[in-house]
Amino acid sequence: MSLAPTYSPTDVEAKWYQRWQQQGFFKAKPNLKKVPYTVVIPPPNVTGVLHMGHMLNNTIQDVLVRRARMQGKEACWVPGTDHASIATEAKVVALLKEQGIAKTDLTREQFLAHAFEWKDKYGGIILEQLKQLGASCDWDRTRFTMEPDLTEAVLRVFVDLYNKGLIYRGVRMVNWDPKSRTAISDEEVVPKDVMAKMYYLNYAVVGQEGQFLTVATSRPETIMADVAVAVNPNDPRFAHLAGQKVRIPLLGREIPVIFDEYVSIDFGTGALKVTPAHDLNDYELGVKHNLPVIDILADDGTLNEKAVLYVGQDRFAVRKQIAKDLQEAGCLVKIEEYASITQMSERNPDTVIEPKLSLQWFLKMEHLAKPALEVVENDTIKLHPPKFKNMYRAWMENVRDWCISRQLWWGQQIPAYYLPDGTFVVALTAADALEKARAQTGKPDLQLSDLRQDEDVLDTWFSSWLWPISVFDGFKDPDNADINYFYPTNDLVTGPDILFFWVARMIMAGLEYRQEVPFKNVYLTGIVRDAQGRKMSKQLGNSPDPLDLIAQYGADGVRTGMLFSAPAGNDLLYDVKLVEQGRNFSNKLWNAFRLVKGWEADASLPFVNAKPVEWFNAKLQAAIVEMDDHFEKFRMSDALMTIYKLVWDDFCAQYLEMVKPAYQHPIDAETLRHTLAYFEALLKLLHPFMPFITEELWHELAERGPRDYVTVAPWPRATVPAHIAETMAQMEKALAIVAGIRTVRNQKNLGPNKPLMLVAKTDEPQLVTDYEGIIRKLGSIAEVSLADAGPAASVSFVLGGSEFFIPLEGHIDLAAERARLEKELEYAQGFRESVQKKLGNEKFAQNAKPDVLERERQKLADAEAKIAALAQALKGL
RNA sequence: GGGGGAUUAGCUCAGCUGGUUCAGAGCAUCUGCCUUACAAGCAGAGGGUCGUAGGUUCGAACCCUACAUCCCCCA
């Protein structure tokens, strides 16, 4: 049979993914004989498509889950999506608009029908894409945050928290998106640098004709909402205005001058107009000074009747017009340009967010935050890397109440029902609400039609924060087998950008509803950026299509490529070179397989490879220990690098070369047996990173039983052999001799195959004898001999206290050889001197620990030996 | 403005409580090779006064103090 010299992943990947599913390897169910290992996916937006961030995040999860599965744990990775309320609604609105339908023309029910249609069409594409990446999720457990059961969980929690007195309605300053006509969270606001205009306006001082107070503002259209002008009490320029009033230009309304140290003396004119309804800081100032609130902005960004002037016009149109009108009225002193930051909507990038007072639902955080901080502080939940603990603490100590209502339709409608008298009841269902309402009002004839449910829906995070519990139906059925077995989950993999508003809140929900943390470790990935360090974005077009990448480089190549440079918490600078490296690694493994596959065993041959076999076992065991340690510490890229080097450098470059029989010659059976066992061990260690190629080779390497897959093969356990250090040190020395020979070949341009002689003048003749076979094979040496002196006309190199000679008639440049050796000697002498100096220092001798002292003495002895050998070599020239 | 993190080879990063061979890895670079597993490869080589300036110590990339630069979070 002939195997292609390059590995082609496309044929292989679909086949194995299908078989894994047929075998049900990814399905998990409570099994008391096994330790559970649970991961819940950070649910992506149901209508989203896979991007590079998902690739990184899900690769890491799959590595963790696959390894746990191989370790014999009941590995359960729960997939699913969230309904991404504002993003999805914005998409649906845009789509309808293209069809000429305005949202305002539809009823809530009609709109939701459209939205579900959209969701059913595009929803879940992303989950199909994850399969191409190799994600080993238990697909039977796929959940969606807006499915009936999860919706019920959300409503139950809302009712419960309301009954506990933790949910309240209140007027607050929110970020208002006038286009979507909803409040959005701080995290959905994107600051943008802009050049803004600063308008200097004269407010006439009441009762003092000709006196003005000049106020600087970037938003002149809000003067109708002014309720005061504030100045700093320490500002002498305004001391005379104590107790005075000023008149709003154009409008003529009188407002007081107030004094507050909040006002910066050197910003603008030092006088600040106070507009509590339209600026958070002003709002707080207003509360402090007991000022009224005048809200002049309608939900759609136009001015309402409270503005008196410009009613019904958009705020930006008004800004232009009022500047002109102020100018004409002689109230505009000047306009200055200045660099400022405008808050934009993440979902509607062309829309300026307005701070707006609004009636919203809030969840009190203090009670929930305290224990959630505690469990991170005491490491019940560990953050990886731990530097995020500080950030977490800072946020939790300054937590604000959570605005959980959104003025949207796509989401869970708030289960609050208003009564004709203006009061409301909160209940899980309309029927319950009616019952409550009747009781509350004492009117048994109250009908459902008398109740009006709150129009708003809940923030999407109000469903995602329940995710680790709700995916196991822990609200509907709090004592069911799944939740008891799989909760708390083990590891959560997500980005630090949602540490607060998702991770922290899940911790709160877990503690509140299960009295247990939702997970034990939080692995925080970085952001995937391009090679120049820019964030990947559609606008820049710097994000490759993940599926194209998989098609081009194979899922295994992409997975390893992403992990190569992705230490936890660090941003990943994506470069196509990384996935190339991953692809090349697949190919390397493929070719190692091709080599081994071609070997024919001959039972009559003696076992000649004891040294390589013993040595590679030592390397393998050491690597397993190292990998386990890396995994323990969530250092995925280091674990990958360990196996990468073991496969490429130790197995392929060294071991296989050592045991490889001559072309078309058979190999001894014992060596082949060991080699195949090693190959299997490597496939297992590699499998979490490269599931597809390892499965393919697993089946190519031997006949397998129907359930014998590397996916469910036991994770290798290290058994560290006796004398491991010695085994490795000896081989290292032998390989150093080989490297010395190869260096000579390179320097003398001899080519890799020209047979050479090697003469060793060594203090370790046993080593040279033991490893002669390896030295001959890897160095293409015809004959190794021991001698007390080097032959004339030879090139030499010194290793430790030994000197090695390669006779080379006609290739010797005596002067150059001498120069090279002298340089080495000088270097060694300098080194000896520094060690001697250190040892000669009395304080060092007194203070250093014995083992440190011993090491220094050893260094000195080594240096002495080397110097002696070099001196000999020079003499011999 | 407040808080946090960072600064080690061209790039991305390791470097555990200060002391193994004058600082390590991967990638990139350079040189030579199509040596029947692999040119998506093989062999070899070069490259860093560990941001700057002080200090503690027998000894500092590691500890302390300033300063500089960058990033993040909050306001």
Side-chain angles (χ1 to χ4, degrees), chain A residues 3-7 186 264 280-281 385 387-395 397-398 400 496-497 499-500 527 531 533 553 557 561 564-567 569-575 577-578 580-599 629-630 633 635 637-638 640-642 644-645 648-649 652-653 656-657 660 662-664 738-754 778-780 800 827-828 830-835 837-849 851-856 858-860 862-863 866:
Chain A
L3 294 163
T6 48
Y7 170 65
D186 292 345
S264 332
L280 181 58
N281 295 316
K387 66 177 177 185
F388 288 107
K389 210 164 152 178
N390 290 329
M391 263 171 68
Y392 183 85
R393 182 187 310 116
W395 191 71
E397 282 174 351
N398 299 294
R400 292 183 171 209
D497 49 335
L499 178 61
F500 308 142
I527 297 165
Y553 297 96
F564 272 132
S565 79
N570 277 22
D571 287 355
L572 181 146
L573 297 196
Y574 170 79
D575 194 312
K577 279 176 186 161
L578 289 171
E580 265 173 28
Q581 195 188 345
R583 189 259 328 251
N584 294 354
F585 185 42
S586 302
N587 200 47
K588 186 70 189 176
L589 191 67
W590 172 251
N591 276 289
F593 160 71
R594 282 214 303 149
L595 175 67
V596 173
K597 182 78 179 170
W599 289 347
D629 183 51
H630 286 319
K633 293 171 180 154
R635 300 166 70 142
S637 48
D638 295 283
L640 172 61
M641 194 47 71
T642 300
Y644 177 84
K645 286 196 282 191
W648 201 306
D649 299 342
C652 294
L656 289 180
E657 292 298 332
K660 181 161 105 180
Y663 183 57
Q664 287 187 335
V738 173
I741 296 163
R742 287 170 170 172
T743 306
V744 171
R745 281 185 188 280
N746 254 298
Q747 280 168 352
K748 300 297 173 190
N749 229 329
L750 297 173
N753 289 326
K754 181 186 165 73
L778 299 194
S780 287
Y827 195 71
F831 178 63
R832 174 177 65 179
E833 211 173 302
S834 76
V835 179
K837 207 169 150 192
K838 202 180 221 183
L839 283 167
N841 184 327
E842 267 179 48
K843 287 195 176 166
F844 175 71
Q846 280 165 13
N847 295 323
K849 286 180 217 143
D851 58 320
V852 173
L853 215 54
E854 184 46 44
R855 266 181 240 141
E856 291 301 318
Q858 188 58 48
K859 274 202 252 177
L860 185 62
D862 290 349
K866 176 145 196 161

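Throughout, protein chains are lettered first and strands after them, A, B, ... in sequence-line order, and every chain is numbered starting at 1.
- Remark: G1(B) base-pairs with C74(B); criterion is Watson-Crick or G-U wobble with both hydrogen-bond distances under 3.5 Å.
- No side-chain N or O of Gln581(A) forms a donor-acceptor pair with one of Tyr553(A) less than 3.5 Å apart.
- For the C1' atoms, the distance from C38(B) to G47(B) is 29 Å, rounded to whole Å.
- For Tyr7(A), no side-chain nitrogen or oxygen approaches OP1 or OP2 of G41(B) to under 4.0 Å.
- Closest to the Arg635(A) side chain, of the nucleotides G5(B), A25(B), G15(B), is G15(B).
- Put simply, Arg742(A) has a side-chain N or O that comes within less than 4.0 Å of OP1 or OP2 on G44(B).
- Distance from the side chain of Asn390(A) is smallest for G4(B) among the nucleotides G4(B), A37(B), G32(B).
- Counting non-hydrogen atoms under 4.0 angstrom, Asn587(A) reaches a base of the nucleic acid.
- Between the base of A37(B) and the side chain of Glu657(A) there is a donor-acceptor pair shorter than 3.5 Å.
- Pairing of C63(B), defined by two Watson-Crick or G-U wobble distances under 3.5 Å, is identified with G55(B).
- Side-chain proximity of Thr6(A) to the nucleotides G44(B), G26(B), A40(B) is greatest for A40(B).
- Listed nucleotides A37(B), A43(B), U20(B) differ in distance to Ala592(A); the shortest reach to its side chain belongs to A37(B).
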Is there a side chain to side chain donor-acceptor pair (under 3.5 Å) between Glu580(A) and Asn584(A)? Walk through the geometry before answering.
CA-CA 6 Å; Glu580(A) 265 173 28; Asn584(A) 294 354; 5.7 Å; no
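- No N or O donor and acceptor, one from the side chain of Lys577(A) and one from the base of C27(B), sit under 3.5 Å apart.
- No donor-acceptor distance shorter than 3.5 angstrom exists from the side chain of Arg583(A) to the backbone of Gly561(A), with no hydrogens or angles considered.
- With C42(B), C27(B), C73(B) as the choices, the nucleotide that has an atom nearest any side-chain atom of Met391(A) turns out to be C73(B).
- Which of A25(B), C27(B), G32(B) sits closest to the side chain of Met641(A) comes down to A25(B).
- An OP1 or OP2 oxygen of C42(B) is reached within less than 4.0 angstrom by a side-chain nitrogen or oxygen of Trp648(A).
- With Arg594(A) contributing its side chain and Leu3(A) its backbone, the two residues share a donor-acceptor pair below 3.5 Å.
- Checking A40(B), C27(B), C58(B) against every side-chain atom of Gln581(A), the shortest atom distance belongs to C27(B).
- The side chain of Lys748(A) places no N or O atom within less than 4.0 Å of a non-bridging phosphate oxygen (OP1 or OP2) of G32(B).
- For C27(B), the paired base is G10(B) (Watson-Crick or G-U wobble, both distances below 3.5 Å).
- Counting any heavy atom pair closer than 4.0 Å across all strands shown, Tyr644(A) reaches sugar-phosphate atoms only and no base atom.
- Contact between the side-chain N/O atoms of Lys660(A) and the OP1/OP2 oxygens of A37(B) is found at a separation under 4.0 Å.
- Using a 30° and 60° split on the angle between ring planes, Trp590(A) and Tyr7(A) fall in the tilted class, from 30° to 60°.
- Closest contact between the side chain of Thr743(A) and the listed nucleotides A25(B), G44(B), A37(B) involves G44(B).
- For Asp649(A), the side chain to side chain contact (heavy atoms under 4.5 Å, CB included) partners at least two apart in sequence or on another chain are Lys645(A).
- With both pairing distances under 3.5 Å, C42(B) is matched to G32(B) as a Watson-Crick or G-U wobble pair.
- For G41(B), one of the phosphate oxygens OP1 or OP2 lies less than 4.0 angstrom from a side-chain nitrogen or oxygen of Asn584(A).
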